[in-house]
Protein chains: 2
Amino acid sequence: MRIGELATGTGVSVRALRYYEEQNLLTSERTPSGQRQYPDSAIDRVLLIQQLYAAGLTSKSIADLLPCVVNGEATPELLTRLAAERDHIDTRIADLTTARTRLNAVITAATTNLRTGQHCQRP
Amino acid sequence: MRIGELATGTGVSVRALRYYEEQNLLTSERTPSGQRQYPDSAIDRVLLIQQLYAAGLTSKSIADLLPCVVNGEATPELLTRLAAERDHIDTRIADLTTARTRLNAVITAATTNLRTGQHCQRP
DNA sequence: CTAAAACCTGACGTCGACGTCAGAGGCAAG
DNA sequence: CTTGCCTCTGACGTCGACGTCAGGTTTTAG
(Lines give C-alpha, C1' and ligand atoms only; values in the text may rest on other atoms or scores of the structure.)
Protein backbone atom coordinates (compact mmCIF):
# COMPACT_ATOMS: atom_id res chain seq x y z
CA MET A 1 0.00 0.00 0.00
CA ARG A 2 1.07 3.59 -0.51
CA ILE A 3 1.45 6.21 2.17
CA GLY A 4 -1.94 7.84 1.69
CA GLU A 5 -3.74 4.58 2.17
CA LEU A 6 -1.73 3.80 5.29
CA ALA A 7 -2.57 7.26 6.58
CA THR A 8 -6.31 6.90 6.11
CA GLY A 9 -6.15 3.32 7.35
CA THR A 10 -4.59 4.33 10.63
CA GLY A 11 -5.93 7.84 11.13
CA VAL A 12 -2.40 9.18 11.16
CA SER A 13 -1.28 11.99 8.88
CA VAL A 14 1.03 11.42 5.95
CA ARG A 15 3.47 13.84 7.54
CA ALA A 16 3.50 11.83 10.73
CA LEU A 17 4.26 8.61 8.84
CA ARG A 18 7.24 10.21 7.13
CA TYR A 19 8.31 11.51 10.51
CA TYR A 20 8.11 8.00 11.95
CA GLU A 21 10.38 6.76 9.22
CA GLU A 22 12.79 9.60 9.89
CA GLN A 23 12.86 8.51 13.54
CA ASN A 24 13.47 4.87 12.58
CA LEU A 25 10.14 3.70 13.87
CA LEU A 26 8.84 2.56 10.51
CA THR A 27 10.53 1.29 7.34
CA SER A 28 9.29 1.18 3.78
CA GLU A 29 10.17 -0.31 0.45
CA ARG A 30 10.48 2.10 -2.42
CA THR A 31 9.12 1.81 -5.94
CA PRO A 32 11.60 2.59 -8.75
CA SER A 33 10.20 6.11 -8.79
CA GLY A 34 10.87 6.56 -5.10
CA GLN A 35 7.40 6.20 -3.66
CA ARG A 36 6.99 4.37 -0.36
CA GLN A 37 5.39 0.93 -0.29
CA TYR A 38 4.11 -0.63 2.91
CA PRO A 39 2.96 -4.16 3.72
CA ASP A 40 -0.41 -4.67 5.40
CA SER A 41 1.36 -5.27 8.68
CA ALA A 42 2.39 -1.62 8.69
CA ILE A 43 -1.08 -0.74 9.95
CA ASP A 44 -0.62 -2.64 13.17
CA ARG A 45 2.84 -1.26 13.48
CA VAL A 46 1.60 2.32 13.23
CA LEU A 47 -1.15 1.65 15.72
CA LEU A 48 1.42 0.24 18.11
CA ILE A 49 3.56 3.32 17.68
CA GLN A 50 0.54 5.48 18.42
CA GLN A 51 -0.11 3.51 21.59
CA LEU A 52 3.42 4.02 22.78
CA TYR A 53 3.23 7.74 22.01
CA ALA A 54 -0.01 7.87 23.94
CA ALA A 55 1.81 6.25 26.83
CA GLY A 56 4.13 9.25 26.87
CA LEU A 57 7.19 7.64 25.31
CA THR A 58 9.42 9.72 23.08
CA SER A 59 10.46 8.80 19.56
CA LYS A 60 13.87 7.79 20.79
CA SER A 61 12.50 5.53 23.50
CA ILE A 62 10.15 3.90 21.05
CA ALA A 63 12.96 3.41 18.56
CA ASP A 64 15.04 1.74 21.24
CA LEU A 65 12.26 -0.46 22.53
CA LEU A 66 10.41 -1.42 19.37
CA PRO A 67 12.76 -4.24 18.32
CA CYS A 68 12.17 -5.78 21.70
CA VAL A 69 8.42 -5.30 21.59
CA VAL A 70 8.17 -6.66 18.08
CA ASN A 71 10.65 -9.53 18.26
CA GLY A 72 10.58 -10.40 21.91
CA GLU A 73 14.32 -9.90 21.94
CA ALA A 74 15.81 -8.11 24.90
CA THR A 75 19.06 -7.42 26.62
CA PRO A 76 19.10 -6.93 30.39
CA GLU A 77 19.61 -3.19 29.82
CA LEU A 78 16.56 -3.02 27.57
CA LEU A 79 14.55 -4.90 30.15
CA THR A 80 15.58 -2.34 32.73
CA ARG A 81 14.43 0.46 30.48
CA LEU A 82 11.18 -1.28 29.71
CA ALA A 83 10.50 -1.71 33.41
CA ALA A 84 11.40 1.94 34.00
CA GLU A 85 8.96 3.04 31.33
CA ARG A 86 6.29 0.86 32.84
CA ASP A 87 6.88 2.36 36.27
CA HIS A 88 6.75 5.81 34.76
CA ILE A 89 3.41 4.96 33.23
CA ASP A 90 2.24 3.78 36.63
CA THR A 91 3.08 7.09 38.26
CA ARG A 92 1.33 8.95 35.46
CA ILE A 93 -1.75 6.82 35.94
CA ALA A 94 -1.62 7.57 39.64
CA ASP A 95 -1.32 11.31 38.98
CA LEU A 96 -4.22 11.20 36.57
CA THR A 97 -6.32 9.24 39.01
CA THR A 98 -5.64 11.76 41.74
CA ALA A 99 -6.58 14.65 39.50
CA ARG A 100 -9.65 12.81 38.31
CA THR A 101 -10.83 12.22 41.86
CA ARG A 102 -10.33 15.86 42.69
CA LEU A 103 -12.09 17.04 39.58
CA ASN A 104 -14.97 14.69 40.18
CA ALA A 105 -15.40 15.94 43.72
CA VAL A 106 -15.58 19.46 42.39
CA ILE A 107 -18.13 18.43 39.81
CA THR A 108 -20.46 16.75 42.26
CA ALA A 109 -20.14 19.64 44.71
CA ALA A 110 -20.83 22.23 42.05
CA THR A 111 -23.72 20.20 40.68
CA THR A 112 -25.27 20.11 44.14
CA ASN A 113 -24.80 23.84 44.46
CA LEU A 114 -26.49 24.40 41.15
CA ARG A 115 -29.39 22.15 42.08
CA THR A 116 -29.99 23.85 45.41
CA GLY A 117 -29.60 27.23 43.80
CA GLN A 118 -26.57 28.13 45.83
CA HIS A 119 -23.81 29.22 43.54
CA CYS A 120 -21.46 30.00 46.34
CA GLN A 121 -20.79 28.52 49.72
CA ARG A 122 -19.50 31.59 51.53
CA PRO A 123 -21.67 32.21 54.63
CA MET B 1 6.27 34.70 51.86
CA ARG B 2 8.40 35.73 48.92
CA ILE B 3 8.67 33.95 45.61
CA GLY B 4 11.84 32.03 46.41
CA GLU B 5 10.34 30.52 49.51
CA LEU B 6 7.20 29.55 47.63
CA ALA B 7 9.38 27.96 44.99
CA THR B 8 11.37 25.82 47.40
CA GLY B 9 8.22 25.06 49.38
CA THR B 10 6.47 23.65 46.34
CA GLY B 11 9.35 22.33 44.28
CA VAL B 12 8.36 24.62 41.43
CA SER B 13 10.81 27.02 39.84
CA VAL B 14 10.63 30.77 40.34
CA ARG B 15 10.21 31.16 36.63
CA ALA B 16 7.24 28.83 36.66
CA LEU B 17 5.56 30.80 39.44
CA ARG B 18 5.91 34.05 37.50
CA TYR B 19 4.56 32.20 34.49
CA TYR B 20 1.53 31.07 36.50
CA GLU B 21 0.85 34.65 37.44
CA GLU B 22 1.16 35.70 33.82
CA GLN B 23 -1.42 33.04 32.97
CA ASN B 24 -3.76 34.24 35.74
CA LEU B 25 -3.44 31.06 37.74
CA LEU B 26 -1.87 32.72 40.74
CA THR B 27 -2.07 36.23 42.18
CA SER B 28 0.27 38.06 44.49
CA GLU B 29 0.41 41.17 46.57
CA ARG B 30 3.33 43.46 45.95
CA THR B 31 5.57 45.20 48.43
CA PRO B 32 6.15 48.94 47.84
CA SER B 33 9.33 48.01 46.00
CA GLY B 34 7.47 45.65 43.71
CA GLN B 35 8.36 42.26 45.13
CA ARG B 36 5.71 39.56 45.20
CA GLN B 37 4.17 38.51 48.50
CA TYR B 38 2.20 35.30 48.88
CA PRO B 39 -0.01 34.01 51.68
CA ASP B 40 0.64 30.52 53.05
CA SER B 41 -2.34 29.24 51.11
CA ALA B 42 -0.38 29.84 47.92
CA ILE B 43 1.47 26.59 48.52
CA ASP B 44 -1.68 24.53 48.24
CA ARG B 45 -2.73 26.59 45.28
CA VAL B 46 0.50 25.87 43.44
CA LEU B 47 0.29 22.18 44.25
CA LEU B 48 -3.24 22.14 42.88
CA ILE B 49 -2.06 23.84 39.71
CA GLN B 50 0.67 21.23 39.38
CA GLN B 51 -1.89 18.48 39.75
CA LEU B 52 -4.04 19.93 37.01
CA TYR B 53 -1.03 20.31 34.74
CA ALA B 54 -0.15 16.70 35.47
CA ALA B 55 -3.67 15.80 34.43
CA GLY B 56 -2.91 17.25 31.03
CA LEU B 57 -4.86 20.51 31.32
CA THR B 58 -3.52 23.62 29.63
CA SER B 59 -2.97 26.96 31.33
CA LYS B 60 -6.09 28.33 29.75
CA SER B 61 -8.24 25.45 30.91
CA ILE B 62 -6.87 25.73 34.41
CA ALA B 63 -7.47 29.48 34.41
CA ASP B 64 -11.06 28.91 33.38
CA LEU B 65 -11.71 26.14 35.85
CA LEU B 66 -9.77 27.28 38.91
CA PRO B 67 -12.43 29.69 40.22
CA CYS B 68 -14.86 26.81 40.18
CA VAL B 69 -12.45 24.38 41.79
CA VAL B 70 -11.49 26.85 44.48
CA ASN B 71 -14.82 28.46 45.25
CA GLY B 72 -17.22 25.72 44.32
CA GLU B 73 -18.90 28.20 42.03
CA ALA B 74 -19.97 26.98 38.65
CA THR B 75 -22.10 27.85 35.70
CA PRO B 76 -23.67 25.08 33.66
CA GLU B 77 -21.11 25.75 30.92
CA LEU B 78 -18.24 25.36 33.36
CA LEU B 79 -19.74 22.15 34.63
CA THR B 80 -19.86 20.87 31.09
CA ARG B 81 -16.20 21.69 30.61
CA LEU B 82 -15.25 20.11 33.89
CA ALA B 83 -17.05 16.94 32.91
CA ALA B 84 -15.38 17.03 29.52
CA GLU B 85 -11.96 17.33 31.13
CA ARG B 86 -12.77 14.47 33.45
CA ASP B 87 -13.81 12.30 30.54
CA HIS B 88 -10.65 13.26 28.73
CA ILE B 89 -8.66 12.14 31.73
CA ASP B 90 -10.57 8.88 31.71
CA THR B 91 -9.60 8.17 28.13
CA ARG B 92 -5.99 9.02 28.89
CA ILE B 93 -6.02 6.64 31.82
CA ALA B 94 -7.49 3.97 29.57
CA ASP B 95 -4.79 4.58 26.95
CA LEU B 96 -2.08 4.40 29.55
CA THR B 97 -3.51 1.23 31.00
CA THR B 98 -3.60 -0.39 27.58
CA ALA B 99 0.00 0.56 26.90
CA ARG B 100 1.02 -0.60 30.34
CA THR B 101 -0.56 -3.98 29.82
CA ARG B 102 1.17 -4.35 26.50
CA LEU B 103 4.51 -3.27 27.90
CA ASN B 104 4.17 -5.60 30.81
CA ALA B 105 3.41 -8.52 28.55
CA VAL B 106 6.55 -7.75 26.61
CA ILE B 107 8.54 -7.55 29.81
CA THR B 108 7.39 -10.88 31.14
CA ALA B 109 7.91 -12.54 27.77
CA ALA B 110 11.37 -11.10 27.36
CA THR B 111 12.28 -12.00 30.93
CA THR B 112 11.25 -15.59 30.27
CA ASN B 113 13.33 -15.60 27.12
CA LEU B 114 16.31 -14.33 29.02
CA ARG B 115 15.90 -16.92 31.73
CA THR B 116 15.63 -19.80 29.32
CA GLY B 117 18.51 -18.43 27.35
CA GLN B 118 16.43 -17.91 24.23
CA HIS B 119 16.83 -14.36 23.06
CA CYS B 120 14.65 -14.81 20.05
CA GLN B 121 11.56 -16.80 19.32
CA ARG B 122 12.02 -17.32 15.60
CA PRO B 123 11.99 -21.10 14.86
C1' DC C 1 28.95 50.20 54.12
C1' DT C 2 29.48 46.62 51.16
C1' DA C 3 29.08 42.34 49.04
C1' DA C 4 26.22 38.52 48.29
C1' DA C 5 21.88 36.80 47.52
C1' DA C 6 17.28 37.43 46.04
C1' DC C 7 14.14 39.83 43.19
C1' DC C 8 12.41 42.49 39.08
C1' DT C 9 11.11 42.94 33.88
C1' DG C 10 11.73 41.87 29.22
C1' DA C 11 13.02 38.90 25.67
C1' DC C 12 14.99 35.15 23.27
C1' DG C 13 15.92 29.83 23.39
C1' DT C 14 14.27 24.95 23.78
C1' DC C 15 12.18 20.56 22.72
C1' DG C 16 9.10 17.25 20.55
C1' DA C 17 5.69 15.87 17.25
C1' DC C 18 4.22 17.14 13.91
C1' DG C 19 1.67 21.26 10.35
C1' DT C 20 2.39 23.66 6.31
C1' DC C 21 4.26 25.55 2.26
C1' DA C 22 7.20 25.41 -2.02
C1' DG C 23 8.60 23.34 -6.01
C1' DA C 24 9.03 19.20 -8.61
C1' DG C 25 7.93 14.69 -10.18
C1' DG C 26 4.56 10.39 -10.73
C1' DC C 27 0.04 8.05 -12.09
C1' DA C 28 -4.64 6.71 -13.56
C1' DA C 29 -8.75 8.64 -16.33
C1' DG C 30 -10.91 10.76 -20.09
C1' DC D 1 -2.14 14.66 -23.76
C1' DT D 2 -3.58 16.89 -20.04
C1' DT D 3 -5.96 17.33 -15.93
C1' DG D 4 -6.05 16.45 -11.27
C1' DC D 5 -4.72 13.94 -7.39
C1' DC D 6 -0.85 11.59 -5.03
C1' DT D 7 3.81 11.58 -3.73
C1' DC D 8 8.55 13.32 -3.07
C1' DT D 9 12.24 16.19 -0.51
C1' DG D 10 13.64 20.03 2.01
C1' DA D 11 12.81 23.56 5.17
C1' DC D 12 10.50 26.77 8.05
C1' DG D 13 6.38 27.42 11.46
C1' DT D 14 3.77 26.10 15.74
C1' DC D 15 2.49 25.52 20.50
C1' DG D 16 3.02 25.12 25.50
C1' DA D 17 5.57 25.35 29.70
C1' DC D 18 8.89 26.82 30.99
C1' DG D 19 14.83 27.69 30.88
C1' DT D 20 18.08 31.13 30.50
C1' DC D 21 20.41 35.32 29.88
C1' DA D 22 20.82 40.50 30.32
C1' DG D 23 20.73 44.44 32.95
C1' DG D 24 19.02 46.63 36.80
C1' DT D 25 16.91 47.13 41.88
C1' DT D 26 16.24 45.37 46.68
C1' DT D 27 17.03 42.87 50.72
C1' DT D 28 20.03 40.66 53.90
C1' DA D 29 24.33 39.29 56.31
C1' DG D 30 28.62 40.60 58.11
Side-chain angles (χ1 to χ4, degrees), chain A residues 1-39 42-43 45-66 85 88-89 92 95-96 99, chain B residues 1-39 42-43 45-66 85 88-89 92 95-96 99:
Chain A
M1 66 187 357
R2 297 196 301 176
I3 197 171
E5 192 180 348
L6 181 57
T8 60
T10 56
V12 169
S13 73
V14 168
R15 176 67 176 94
L17 294 176
R18 291 200 267 251
Y19 176 73
Y20 294 168
E21 184 168 330
E22 192 181 319
Q23 302 295 313
N24 299 312
L25 309 181
L26 192 59
T27 57
S28 62
E29 302 292 312
R30 297 298 184 111
T31 68
S33 65
Q35 298 203 347
R36 292 174 177 83
Q37 281 292 330
Y38 300 95
I43 291 187
R45 175 86 170 213
V46 171
L47 295 179
L48 170 58
I49 293 173
Q50 287 288 95
Q51 267 195 6
L52 295 178
Y53 271 128
L57 303 197
T58 69
S59 291
K60 182 163 178 15
S61 289
I62 298 177
D64 291 346
L65 302 179
L66 257 186
E85 297 286 4
H88 189 217
I89 293 176
R92 296 188 61 212
D95 288 349
L96 283 171
Chain B
M1 66 187 356
R2 298 196 302 175
I3 196 171
E5 192 179 349
L6 182 57
T8 60
T10 56
V12 169
S13 74
V14 169
R15 177 66 176 92
L17 293 176
R18 290 199 269 251
Y19 176 74
Y20 295 168
E21 184 167 331
E22 192 181 319
Q23 301 297 313
N24 299 312
L25 308 182
L26 191 60
T27 57
S28 61
E29 301 293 311
R30 296 300 184 109
T31 68
S33 65
Q35 298 203 349
R36 291 173 177 83
Q37 281 291 331
Y38 299 95
I43 290 188
R45 175 87 170 213
V46 170
L47 293 180
L48 170 58
I49 292 173
Q50 287 288 96
Q51 268 194 6
L52 295 177
Y53 272 128
L57 303 197
T58 68
S59 291
K60 185 165 176 12
S61 288
I62 298 176
D64 291 347
L65 302 180
L66 258 187
E85 297 286 5
H88 189 216
I89 293 176
R92 295 188 61 212
D95 288 350
L96 283 171

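Below, chain A is the first sequence line, B the second, and so on; all start at residue 1.
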Colleague: Which part of the nucleic acid, if any, lies within reach of B/S13 when heavy atoms closer than 4.0 Å are counted: base, sugar-phosphate only, or nothing?
Modeller: sugar-phosphate
Colleague: Could you tell me whether the phosphate oxygens of D/dT9, OP1 or OP2, come under 4.0 Å of any side-chain nitrogen or oxygen in A/R30?
Modeller: yes
Colleague: Could you tell me if A/S59 and A/Y53 have a donor-acceptor pair between their side chains, going purely by distance under 3.5 Å?
Modeller: yes
Colleague: Please report, rounded to the nearest Å, how far the P atom of C/dG16 is from the OH atom of A/Y20.
Modeller: 15 Å
Colleague: Any side-chain heavy atom of A/V46 sitting closer than 4.5 Å to one from A/Y38?
Modeller: no
Colleague: Between the base of D/dT9 and the side chain of A/R18, is there a donor-acceptor distance below 3.5 Å?
Modeller: no
Colleague: Looking at A/A63 and A/Q23, what are the two nearest heavy atoms and their distance?
Modeller: CB-O, 3.8 Å
Colleague: Which whole-number value in Å describes the distance from A/Q23 CD to C/dC18 C1'?
Modeller: 10 Å
Colleague: Compare side-chain N and O positions of A/Y53 against OP1 and OP2 of C/dG16 and report whether any pair is under 4.0 Å apart.
Modeller: no
Colleague: With a 4.0 Å cutoff (strictly under), does any side-chain N or O of B/S59 reach OP1 or OP2 of D/dG16?
Modeller: no
Colleague: Remember a base hit wins even if backbone is also touched, and classify B/L17 as base, sugar-phosphate or nothing at under 4.0 Å, heavy atoms.
Modeller: nothing
Colleague: In whole angstroms, how far is the P atom of D/dA22 from the CZ atom of B/R15?
Modeller: 16 Å
Colleague: Distance check needed: D/dC8 C1' versus A/Q35 CD, whole Å only.
Modeller: 8 Å
Colleague: Whole-Å distance between D/dT9 P and A/I3 CD1?
Modeller: 9 Å
Colleague: Any side-chain heavy-atom pair from A/M1 and A/Q37 closer than 4.5 angstrom?
Modeller: no
Colleague: Specify the separation, in whole Å, of atom CE of B/M1 and atom P of D/dT28.
Modeller: 14 Å
Colleague: Which whole-number value in Å describes the distance from B/L25 CG to D/dA17 C1'?
Modeller: 11 Å
Colleague: Under 4.5 Å between any side-chain heavy atoms of B/R18 and B/E22, yes or no?
Modeller: no
Colleague: Round to a whole Å and report the spacing from CD of A/E22 to C1' of C/dG16.
Modeller: 12 Å
Colleague: Taking the nucleotide of DNA chain D with the nearest heavy atom to each, does A/V14 or B/T58 sit closer to the 5' end?
Modeller: A/V14
Colleague: Tell me what A/I49 touches on the nucleic acid: a base, only sugar-phosphate, or nothing, going by heavy atoms under 4.0 Å.
Modeller: nothing
Colleague: Would one find a side-chain N or O of A/S33 under 4.0 angstrom from OP1 or OP2 of C/dG25?
Modeller: no
Colleague: Hey, does the side chain of A/Y19 come within less than 4.0 Å of C/dG16's phosphate (OP1/OP2), counting only N and O?
Modeller: no
Colleague: Using a cut-off of strictly less than 4.0 Å, decide whether A/R36 has a side-chain nitrogen or oxygen near OP1 or OP2 of D/dC8.
Modeller: yes
